[in-house]
J.: 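Quick one: structure below, then a few questions.
Throughout, residue positions are numbered sequentially from 1 according to the sequence presented. In what follows, every heavy atom counts, from backbone to side chain, and hydrogens, waters and symmetry copies are set aside.
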Amino acid sequence: MRNYVIVTDSDTEIPYTFADDHQIPVFLMPYTVNGEERLFDLGRNTDFKAFYQQLRDGAEAVTSTRPPTDIADFFREIVKDGVDVLYLCFSSALSGHFELSQMARNMVLEEYPDARIEIVDTLKISMGAGQLVMAAQKLKEEGKTLDEVRDWVLKNRNRSHAWFSVDDLSYLRKGGRLSGAAAAIGTILDVKPILRINAEGKIVPVDKVKGTRKILKFFLVAIQDNVENPEEQTVFVMHADNMDAALRMKEMIEESVPFAGIEIQDVGPVIGCHTGPGVLGVCFMGKEITN
């Protein structure tokens, strides 16, 4: 049986320490601030606070894809040594990157016809996808084959929950997800949308609440209503320069749900370009998402 590696991209936002410890190759995704393109390195050399301060100061921040030739180079570097690839990619519903990766795969297989490159759409982003990558790596280290790990991800990707809220509605407005008038009124009234990733890998609104306290309560109820086997998993509290709220969320979870672990992580700048500073979210494994 040929050896294989699990690979991912930095939009799954796994900790770089985990990637290093488990030797997971990561394809770095781009973002541009005031005309300067950068690659998100999972926080290895990322100043999250400085990035979000730039946004608050009015910096122009956008994202883009990388060409399939870059992705092909990434795949080629692995398969040239006779190692197969299982690529767990962030949601195809949020970017054209998944399709570009398939193009890159075909380019590499023309050069290495005996290689195997499997690309799986996790239907998630940030640690909604990252927790699937970490679970898949654990299965690999337990001796599961590429097919077994791939099938597990396909079966369980819609058990990965990602709930979040944004602090500044103008970023959603810029992305066309909210009208200018609604954004202005929402900001004045401190009304914040609750969003989640649905079964198709899309961001969908769930509710609107007023104030951080109600957001925290909403997330706690979402966890309580949907989590399965919390004592066997880690819940991830994600934030974009919003540590106070993240710490409060952690305390509320600790008092109410017996997770094996609770980790607080920064939302990276690629996702942050679309959500702005102040984001708060929770990612955990639970009941299957069907809509």
J.: For residues T32 and G35, report the shortest heavy-atom separation together with the two atoms involved.
T.: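 Looking at all heavy atoms of both residues, the closest pair is CG2-C, 3.5 Å.
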J.: Does D9 use its side chain to pair, donor to acceptor, with the backbone of M29 at less than 3.5 Å?
T.: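 No: the side chain of D9 does not pair with the backbone of M29.
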J.: Apply side-chain hydrogen bond (donor to acceptor under 3.5 Å, both in side chains) to T290 and N158, showing your working.
T.: CA-CA 8 Å; T290 58; N158 271 323; over 6 Å; no
J.: Please answer: with hydrophobic residues joined when any side-chain heavy atoms are less than 4.5 Å apart, are F284 and V206 in the same cluster?
T.: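 Yes, F284 and V206 fall within the same hydrophobic cluster.
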J.: Ignoring hydrogens and geometry, is there a side-chain-to-backbone donor-acceptor pair from T234 to I262 under 3.5 Å?
T.: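 It does not hold such a pair.
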J.: E148: which residues meet the side-chain hydrogen bond (donor to acceptor under 3.5 Å, both in side chains) condition with it, sequence neighbours left out?
T.: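 For E148, the residues satisfying side-chain hydrogen bond (donor to acceptor under 3.5 Å, both in side chains) (neighbours in sequence not counted) are T145.
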J.: Quick check: does any side chain N or O of R66 sit under 3.5 Å from a backbone N or O of L28, one acting as donor and the other as acceptor?
T.: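 It does hold such a pair.
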J.: Check A61 against C273 and note the closest heavy-atom contact, atom names and distance.
T.: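 Looks like CB-SG, 3.6 Å.
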J.: Where do Q233 and N229 land on the side-chain hydrogen bond (donor to acceptor under 3.5 Å, both in side chains) test, with the steps shown first?
T.: CA-CA 7 Å; Q233 62 169 297; N229 304 317; over 6 Å; no
J.: Under a 4.5 Å cut-off applied to non-hydrogen side-chain atoms, are L123 and E200 in contact?
T.: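 They are not in contact (no side-chain heavy atoms under 4.5 Å apart), so the answer is no.
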J.: Give a yes or no on whether a salt bridge exists between E142 and K144, defined as a side-chain N under 4.0 angstrom from a carboxylate O.
T.: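 Salt bridge absent between E142 and K144.
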J.: Report yes or no: does R105 contribute a side-chain atom to a donor-acceptor pair with the main-chain N or O of I117 at less than 3.5 Å?
T.: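 Looks like yes, one N/O pair under 3.5 Å.
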J.: Between S160 and Q131, does the side-chain hydrogen bond (donor to acceptor under 3.5 Å, both in side chains) criterion hold? Intermediate values first, please.
T.: CA-CA 8 Å; S160 176; Q131 62 187 351; 2.8 Å; yes
J.: So does D121 get a backbone contact from the side chain of R157, meaning a donor-acceptor N/O pair under 3.5 Å?
T.: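 Here the side-chain-to-backbone pair exists.
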J.: At their closest point, which heavy atom of W163 faces which heavy atom of N226, and how far apart are they?
T.: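 In terms of heavy atoms, the two residues are closest at CZ2-ND2, 3.8 Å.
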J.: For R159 and K287, indicate whether the former's side chain and the latter's backbone hold a donor-acceptor pair under 3.5 Å.
T.: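 No, R159 side chain to K287 backbone: no donor-acceptor pair under 3.5 Å.
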J.: Has D241 got a side-chain atom pairing as donor or acceptor with P277's backbone, closer than 3.5 angstrom?
T.: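 Side chain of D241 to backbone of P277, a donor-acceptor pair under 3.5 Å: no, none is there.
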J.: Test your reading of the model: is there a side-chain donor-acceptor pair from D266 to the backbone of G268, 3.5 Å cut-off?
T.: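 Checked: no pair found.
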J.: Working to the nearest 0.5 angstrom, can you tell me the gap between L94 CG and S126 OG?
T.: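 Reported to 0.5 Å precision, the distance equals 11.0 Å.
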J.: How long is the span from the OG1 atom in T122 to the CG atom in L154, to the nearest 0.5 Å?
T.: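 Here the rounded value is 10.5 Å.
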J.: Where do V120 and F98 come nearest, in terms of heavy atoms and distance?
T.: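 Result for this residue pair: C-CE1, 4.1 Å.
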J.: Indicate yes or no for a side-chain donor-acceptor contact from T8 to the backbone of L88 under 3.5 Å, with no hydrogens or angles considered.
T.: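 Yes, because the side chain of T8 sits within donor-acceptor range (under 3.5 Å) of the backbone of L88.
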J.: Please say whether more than 12 non-hydrogen atoms of neighbouring residues, nucleotides or ligands are located less than 6.0 Å from CD in Q224.
T.: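 It does: Q224 CD has more than 12 such atoms within range.
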J.: Could you work out, with ring-ring contact (aromatic ring centres under 6.0 Å, His included) as the rule, every residue matching Y112, not counting sequence neighbours?
T.: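 For Y112 there are no ring-ring contact (aromatic ring centres under 6.0 Å, His included) partners, ignoring immediate neighbours.
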J.: With a 6.0 Å cut-off on ring centres, are Y31 and F51 close enough?
T.: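 Yes: the rings meet the under 6.0 Å criterion.
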J.: Do any N or O atoms from the side chain of Q54 and from the backbone of N34 form a donor-acceptor pair under 3.5 angstrom?
T.: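 A pair under 3.5 Å: no.
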J.: Test salt bridge (charged side-chain N to carboxylate O under 4.0 Å, His left out) on R56 and D167; report intermediate values, then the result.
T.: CA-CA 12 Å; R56 291 188 175 98; D167 188 54; 5.8 Å; no
J.: Applying a strict under-4.5 Å side-chain criterion to I, L, V, M, F, W and Y, I'd like to know whether I253 and L247 cluster together.
T.: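 Result: yes, single cluster for both.
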J.: Quick check: closest heavy atoms across L216 and M249, and the distance to 0.1 Å?
T.: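 Closest approach of L216 to M249: O-CE, 3.5 Å.
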J.: F27 vs H97 aromatic rings, parallel, tilted or perpendicular, using cut-offs 30° and 60°?
T.: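 Correct class here is parallel.
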J.: Please round to the nearest 0.5 Å and tell me the distance separating atom CG of L100 and atom OG of S95.
T.: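 Output value for this atom pair is 7.0 Å.
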J.: Assign the ring pair F74 / Y87 to parallel, tilted or perpendicular, where the plane angle (0 to 90°) is split at 30° and 60°.
T.: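 Plane angle over 60°, so perpendicular.
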J.: Taking 4.0 angstrom as the limit, do R2 and D114 come out as a salt bridge?
T.: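 Salt bridge between R2 and D114, a charged N being under 4.0 Å from a carboxylate O: no.
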